[in-house]
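Below is one structure, written out as structure tokens, with a few remarks after it.
Ligands are counted one by one from 1 in listed order, and the atoms in each one are counted from 1 as well. Since the model is a prediction, treat every value here as computed from it, not as a measurement. Note that the numbering runs from 1 along the sequence shown for the chain.
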Amino acid sequence: MHKDVEEILYSEDVLKKRVAELGAEITKDYAGKSPLLVGVLKGSFIFMADLVRSIDLPATVEFMVVSSYGSGTVTSGAVQIIKDLEQDVGGKDILIIEDILDSGNTLSYLKGILEQRGAASIKICTLLDKPARRKAPITPDYSGFEVEDKFIVGYGLDYAEKYRNLPYIGVLAPRCYQ
Ligand code: IMP
Ligand code: MG
């Protein structure tokens, strides 16, 4: 275990199993459709890579980069689009793929924008859900795990851009950011 990680919450094996379950559920729910999977970078990149391989549909993939956090651990509330989609989403069934739903500010903003652009449907799939910190009225359609209000890293999730490469998800020791 990494010296800055206090506790492992989800091991590689547990993540693999849960991601496969989510993929199977999405495959079933979108049968006959070709959803556009929109990964929110950077945090979702590993989850997205594993999830798409569990989805047995003619799905397409896009990424957006938004910033809401800076390098701290507390959300600022302001959301900025840094990289937008490369296609028109009018009439598309969109599934937004996120690493963690925290305050919900990022996703409620993104969902609003994609709705305005005329998507046929918009759903949210998040690997982790931290409902205790929710500020925006948003709930995920698919959620891997519900987590407590602790700062977590690994499997794509960072603190100040580090720890994304840990193969598991764990709690970052508070001494690392206090
Ligand atoms: P929200 O807009 O507050 O829901 O923020 C969502 C984004 O904040 C996520 O995509 C993550 O990048 C980041 N975030 C929130 N909580 C954590 C955490 O515990 N560890 C790492 N990143 C987090
Ligand atoms: Mg992020």
Is it the case that the side chains of Y163 and D4 hold a donor-acceptor pair, with the cut-off being a distance below 3.5 Å and no angle test?
yes

Salt bridge between K130 and E146, side-chain N to carboxylate O under 4.0 Å?
no

I152, any N or O under 3.5 Å of ligand 1 N or O:
yes

Aromatic contact, Y10 with F145 (centres under 6.0 Å)
yes

How are the rings of Y159 and F151 set relative to one another: parallel (under 30°), tilted (30 to 60°) or perpendicular (over 60°)?
perpendicular

L157, portion touching ligand 1 at heavy-atom distance under 4.0 Å
side chain

Between V171, L127, I169, I100, flag the one that comes closest to atom 6 (C) of ligand 1 by a heavy atom.
I100

Donor + acceptor pair across side chains of T27, D56 (<3.5 Å):
no

Close-contact set for ligand 1 against D102 heavy atoms, below 4.0 Å:
1 (P), 3 (O), 4 (O), 5 (O), 15 (C), 16 (N)

Ligand 1 atoms in contact with K150 (distance to a heavy atom under 4.0 Å)
19 (O)

If you measure from each non-hydrogen atom of K130 to ligand 1, which part falls under 4.0 Å: side chain, backbone, both or neither?
side chain

So is S103 in contact with ligand 1, going by heavy-atom distances below 4.0 Å?
yes

Just wondering, do M1 and I8 contact through their side chains at under 4.5 Å, heavy atoms?
yes

State the atoms of ligand 1, each with its element, that fall below the 4.0 Å cut-off from a heavy-atom position in E98.
10 (O)

Ignoring hydrogens and geometry, is there a side-chain-to-backbone donor-acceptor pair from S11 to V14 under 3.5 Å?
yes

Give the atoms of ligand 1, by number and element, whose distance to some non-hydrogen atom of T106 is under 4.0 Å.
1 (P), 2 (O), 5 (O), 6 (C)

Is ligand 1 under 4.0 Å from a heavy atom in the side chain of R133, in the backbone, in both, or in neither?
neither

Would you check whether D99 reaches within less than 4.0 Å of ligand 1, judged by its heavy atoms?
yes

D93 with K123: basic N within carboxylate O range, under 4.0 Å:
no

D158 contact mode with ligand 1 (heavy-atom cut-off under 4.0 Å):
backbone

